[in-house]
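Quick note: residue numbers are just sequence positions, from 1. FYI, side chains are in, hydrogens and waters are out, and symmetry mates aren't considered; it's all heavy atoms of this structure.
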Amino acid sequence: ARAMRMALREFNELNRVTRRMMVESQLENYAQLARRADAIDVESHANQQNLLSGQITWGEYNRQRDRLAKLFLDAAKNL
């Protein structure tokens, strides 16, 4: 669990920097996608915490992660 927490912190930081760059690009499509990703992250973080706390299994975590990734991809397609 400790290694996963460390990896998640790194991923979250990378995502934060990437989204900041997207917004600062002043390209409206990028800014919209960054905002959508921020909204999806709320669910993503809850999913991660549920796994780390043992409330869900790896299978449940991966199904939810898959669903969230598809939300992001759909948002990107619709820009």
Side-chain angles (χ1 to χ4, degrees):
R2 181 175 173 214
M4 184 176 174
R5 282 188 182 91
M6 289 173 53
L8 291 174
R9 275 195 296 270
E10 292 295 321
F11 290 139
N12 289 334
E13 177 63 13
L14 179 60
N15 287 337
R16 188 187 65 75
V17 169
T18 301
R19 291 180 192 149
R20 186 184 74 230
M21 291 171 58
M22 291 170 74
V23 170
E24 289 174 356
S25 75
Q26 298 183 357
L27 298 171
E28 187 54 32
N29 286 351
Y30 282 1
Q32 286 178 1
L33 193 54
R35 287 190 292 274
R36 182 64 179 130
D38 284 341
I40 292 169
D41 258 4
V42 172
E43 285 187 69
S44 182
H45 290 174
N47 191 41
Q48 293 165 1
Q49 289 307 310
N50 289 339
L51 177 65
L52 289 169
S53 68
Q55 294 176 11
I56 60 175
T57 65
W58 274 101
E60 293 165 318
Y61 168 80
N62 284 324
R63 280 189 292 281
Q64 181 74 346
R65 189 177 55 81
D66 231 21
R67 183 185 70 79
L68 295 170
K70 287 176 185 169
L71 287 176
F72 180 78
L73 292 174
D74 288 345
K77 287 180 200 173
N78 292 323
L79 288 180

Arg36 and Ala75 have their tightest heavy-atom pair at CG-CB, 3.5 Å

Residue pair Gln55 / Gln49, side-chain heavy-atom distance below 4.5 Å = no

Taking the side chain as every heavy atom from C-beta outward, state whether Glu60 and Leu51 have any pair of such atoms under 4.5 Å apart.
-> no

Less than 4.5 Å apart, any side-chain heavy atom of Leu68 and any of Arg65?
-> no

Taking every heavy atom of Ala37 against every heavy atom of Arg19, the minimum-distance pair comes out as CB-NE, 3.1 Å

ILVMFWY cluster, Ile40 and Leu33 together (side-chain gap under 4.5 Å) = yes

Gln26 atom CD, neighbour heavy-atom count above 12 within 6.0 Å = no

For residues His45 and Asn50, determine if any side-chain heavy atom of one lies less than 4.5 Å from a side-chain heavy atom of the other.
-> no

Does one side chain, of Arg35 or Gln32, offer a donor that lies under 3.5 Å from an acceptor on the other?
-> no

Under 6.0 Å from the CE atom of Met21, do we count more than 12 heavy atoms belonging to anything else shown?
-> no

Euclidean distance, Leu14 CG relative to Arg9 CZ, rounded to 0.5 Å | 15.0 Å

Output for pair (Gln48 CD, Phe11 CZ), nearest 0.5 Å, gives 9.5 Å

Main-chain N/O of Leu8 paired to Asn12 side chain as donor or acceptor, under 3.5 Å = yes

First locate atom CG of Asn47, then atom CG of Leu52, and finally report the distance between them rounded to the nearest 0.5 Å.
-> 10.0 Å

Hey, does Leu79 have a side-chain heavy atom less than 4.5 Å from the side chain of Tyr30?
-> no

CG (Asp41) and CZ (Arg16) are apart, to the nearest 0.5 Å, by 12.0 Å

Any chance you could lay out the side-chain contact (heavy atoms from CB on, under 4.5 Å) test for Asp38 and Asn15, step after step, and finish with the verdict?
-> CA-CA 9 Å; Asp38 284 341; Asn15 287 337; over 6 Å; no

Take atom OH in Tyr61; do more than 12 heavy atoms of anything else shown fall under 6.0 Å from it?
-> yes

Residue pair Gln64 / Ile56, side-chain heavy-atom distance below 4.5 Å = no

Side chain to side chain, Arg20 and Glu24, heavy atoms closer than 4.5 Å = yes

Does any N or O in the side chain of Asp66 come within less than 3.5 Å of the main-chain N or O of Asn62, such that one atom is a donor and the other an acceptor?
-> no

